[in-house]
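To start, the structure itself, in structure tokens.
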Amino acid sequence: TVRPGLCEPPLAEELERRLDDARFAARLPGLVERLPPKKRHAVRQYYFEGKSIPEIAAGLGCPPSTIKARIHAARQQLRTMLTLGEQGDA
């Protein structure tokens, strides 16, 4: 948390946001590793390797809708993990 009076309010808010972003970025790889294998694989390929949904689907021999569903479910699970982690950090 930025100390009061340290800088102008808009700059303080920007610093807080960037600190939160850095904390999030530092935690994300560990959270992804906790996902079930099929979700983890889809998330890694899509977000970290930059593959398209059709590319991932072709490589796994499944429909693109399956990959979309896995990524969607993984995002929901990650959101829950982050929310629970923040409550534990408080």
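The structure presented is a predicted model; accordingly, all values stated were derived computationally and were not measured. Quick note: numbers below take in every heavy atom, side chains included, and nothing from hydrogens, waters or symmetry partners. Throughout, residue positions are numbered sequentially from 1 according to the sequence presented.
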Spacing of [X] atom [atom1] and [Y] atom [atom2] [to the nearest 0.5 Å]:
X: L78; Y: R27; atom1: CG; atom2: CZ; value: 10.5 Å
X: Q45; Y: I56; atom1: CD; atom2: CD1; value: 5.0 Å
X: L31; Y: L84; atom1: CG; atom2: CG; value: 10.5 Å
X: I67; Y: K39; atom1: CD1; atom2: NZ; value: 13.0 Å
X: L28; Y: L82; atom1: CG; atom2: CG; value: 7.5 Å

Atom of I53, atom of P64 and distance for their closest heavy-atom approach: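 Shortest heavy-atom separation between I53 and P64 comes out as CG2-O, 3.6 Å.
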
Do we see a donor-acceptor contact under 3.5 Å between the side chains of R70 and Y46? no

Considering only heavy atoms from C-beta outward, does the side chain of L60 approach that of H41 to under 4.5 Å?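 Of all side-chain heavy-atom pairs linking H41 with L60, at least one is under 4.5 Å.
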
Looking at side-chain heavy atoms only, is the closest gap between K68 and P63 below 4.5 Å?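 Heavy-atom side-chain distance check fails, nothing below 4.5 Å.
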
Show, in sequence, the C-alpha distance, side-chain angles and deciding distance for V32 and F48, and conclude whether the side-chain contact (heavy atoms from CB on, under 4.5 Å) test is met. CA-CA 11 Å; V32 169; F48 297 105; 4.1 Å; yes

Please step through side-chain contact (heavy atoms from CB on, under 4.5 Å) for the pair L35 and M81, ending with a clear verdict. CA-CA 10 Å; L35 291 171; M81 289 176 179; 4.2 Å; yes

Side chain of E55, backbone of S52: donor and acceptor closer than 3.5 Å? yes

Are the side chain of R40 and the backbone N or O of E33 linked by a donor-acceptor pair below 3.5 Å? yes

